[in-house]
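First comes the structure, then the notes that go with it.
Labels below follow one simple rule: chain letters A, B, ... track the order of the sequence lines, proteins then strands, and each chain is numbered from 1.
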Protein chains: 2
Amino acid sequence: MVTLKQLAEQLNVSVSTVSKALHNSEEISKDTILRVKELAEHLNYQPNRMALSLKNNQTKTIGVIIPNVLNHFFAKALYAIETEASQQGYSIITCLSNELLSKEKNSLQLLSNGSVDGFIMSLAEETQVNNTIDHITAILNKDIPVVLFDRVADDIDSDKVIIDDYGASYEATKHLICEGRRYIVHISDIDALSVGKLRKNGYLKALEEDNTYTNEPIFINISQDDDLEAVIDQLFKTHKQVDGIISSDNTSGVVALHKALKLGYNIPKDVSIIGFSDDNVLAFTDPKLSTISQHTMDIGKATVELLIDRLNNKNTTKPLTKTIKTNLILRGTTK
Amino acid sequence: MVTLKQLAEQLNVSVSTVSKALHNSEEISKDTILRVKELAEHLNYQPNRMALSLKNNQTKTIGVIIPNVLNHFFAKALYAIETEASQQGYSIITCLSNELLSKEKNSLQLLSNGSVDGFIMSLAEETQVNNTIDHITAILNKDIPVVLFDRVADDIDSDKVIIDDYGASYEATKHLICEGRRYIVHISDIDALSVGKLRKNGYLKALEEDNTYTNEPIFINISQDDDLEAVIDQLFKTHKQVDGIISSDNTSGVVALHKALKLGYNIPKDVSIIGFSDDNVLAFTDPKLSTISQHTMDIGKATVELLIDRLNNKNTTKPLTKTIKTNLILRGTTK
DNA sequence: TTGAAAGCGCTAACAC
DNA sequence: GTGTTAGCGCTTTCAA
């Protein structure tokens, strides 16, 4: 790496002159500025980022901690965050918690040593199950801003970006009821998560509220060790009368669709299915899955905006919670 | 952030004493060491990473540039890289080129200012199509190590991690021929990429080599603007006799499978299909797609190992190319 | 056993 | 218009 010192030596001026020249200081003569810039250009000088960070006490980088990149939602969120951050001149350091509290803790601890200006994160499953938040409040107490998205915790007093999980699920369920469905099953592989609970409740509320709907709510919860396909298979065996399915996560809806087709159901005539996902995750189902779209790009973008705002006027305002609109996108699996 | 200086002041000793104490220097008395450590612990002291980087001229972070996180292969590679890097005490700064040369260039440029110790990357499509490599050699010339994986370029003299694309595709095609298939179509949406070309050639070679195979090779190339489903639909219309499909990328095989089932083909009786992917990407097809597995975790791990080795003994050895074994995994779409 | 000083690369207040 | 100096937080040589 070429340094100011080297430029200074070659030009027989002082380091500070070079520095000022590169910043177009009024103090420096046009001529000197020109000579300095020429050489800098020629040697491809770049200011050392570590030195700048040390000096300015800001790194221009954001720590991003997500539970699992192999989950399409988080991959897309990462994409959105990277895009917006890079546009705003920030780099991102990515950590994957793999749904583990310990790894989440670790990453937070590791990066809070001046590596990043702030964090954007979505809580690990284990963190949510244990309802552990000390490691996050510790960061907040160090005055390092954190923006939570999707999987958040009420007790953490930070900026947040969420969707209206409850409302979205409520609306989707209502839609199924309006279609005339009277045996609607709720499937979820995220029952333990904050968002999973909200979505479940939205479904419940819609059923309870409608007095033409007489069947009991039916919850199929899939845990990590379960064989998703087997569980869904069982669902169709146990509930032959099923005519509506709402899936709270972004895969089980697709599996249900496949299984239903395989079993000879006519979709959407016999059964309507609505999934929960930004886009048609497995883009190639036939018919295409109707979904609640979360606008993941907007979510990611909002997290970066909130964080950068917070960095620019620290402590100025109360923590904000931004709710991103969802859309019910009706494709081929609903009437 | 608490600093050495603050510890020193509170303890009425010098900064250097504190520093030494924290490093268990022999020079310092047991008693002082204890006092220092106690306070450090109590105040949760962490050495400032930027200061360390500046001093040691190493950042303990790796720049990772991938073309697209929404592609399952790259998401998994990122996962593997993050896992291994974090295990070895490195952080990763993630950049997404979005298949664009300009963004790839940019990220490289941006991070080569002392932000990272080295790079792990897979080339953007545009980079491969234009065969532009100057921006990479420029980095290499600055003595910043680069490890390329998957999408590499022969002209770049760096460490590389690849799979035997040619051989894997050759073997898979041979398998189809051995099954008795005599009308095998090659589908690809990555024809422009280094790996795409190799895979195509492997297919070609297998056909040419077998003199019981008389049909011409058939290539279906899907470009970004094409409607994948429409193209595949057309394929089945144009080539009614098709009895084997080999897909060079990780989605078109799945689409072909869906389409074939929809059209009433019996899979694998009528048509065998082999895809190219680490795992059963769309895990829920029925029957399950037979694939060439790339062991993406191994690929990612190898890139990190190569890079760290290179960082530890710079310039010591010639660039290495590590080839990760592939496996032909026969599931439900082959006999 | 402890401390002072220099230096990593940079900026900025203050001389000259 | 240019240079000197101090300081960001840390390590390390050298002196006390």
Handout entry: Atom NZ of A/K103: over 12 foreign heavy atoms under 6.0 Å
Key = yes

Handout entry: Exceeds 12 heavy-atom contacts within 6.0 angstrom, atom CG of A/D154
Key = no

Exercise for the section: Under 4.0 Å from any heavy atom of chain A: name the first and the last nucleotide of DNA chain D that qualifies, 5' to 3'. Expected result: D/dG1 to D/dG9

Exercise for the section: Using five base pairs at each end, measure the axis-to-axis angle across the helix from C/dT1-D/dA16 to C/dC16-D/dG1 and round it to 10 degrees. Expected result: 60°

Handout entry: Any donor-acceptor N or O pair under 3.5 Å, side chains A/Q46, B/K142
Key = yes

Practice task
Would you kindly say whether A/T61 and A/R49 are connected by a side-chain donor-acceptor distance under 3.5 Å?
Solution key: no

Exercise for the section: Kindly indicate whether the side chain of A/I308, heavy atoms from C-beta on, has any atom under 4.5 Å from the side chain of A/E84. Expected result: no

Handout entry: Close side-chain approach of A/L148 and A/M121, heavy atoms under 4.5 Å
Key = yes

Exercise for the section: On the 0 to 90° scale, with breaks at 30° and 60°, tag the B/F149-B/F73 ring pair as parallel, tilted or perpendicular. Expected result: tilted

Handout entry: Distance (rounded to the nearest 0.5 Å) between B/L4 CG and B/T17 OG1
Key = 10.5 Å

Completion exercise
Going 5' to 3' through nucleotides 9-16 of chain C and flagging B where a protein heavy-atom sits under 4.0 Å of the base, S where only the sugar-phosphate is that close, and - otherwise, we get BBBBBB--

Exercise for the section: Check every strand shown and say whether B/T32 touches a base, only sugar-phosphate, or nothing at a heavy-atom separation below 4.0 Å. Expected result: sugar-phosphate

Practice task
For the pair A/R151 and A/E99, find out whether any cationic side-chain nitrogen is under 4.0 Å from an anionic carboxylate oxygen.
Solution key: yes

Exercise for the section: Among A/N98, A/T132, A/T127, find the one that has a side-chain hydrogen bond (donor to acceptor under 3.5 Å, both in side chains) with A/E104. Expected result: A/T127

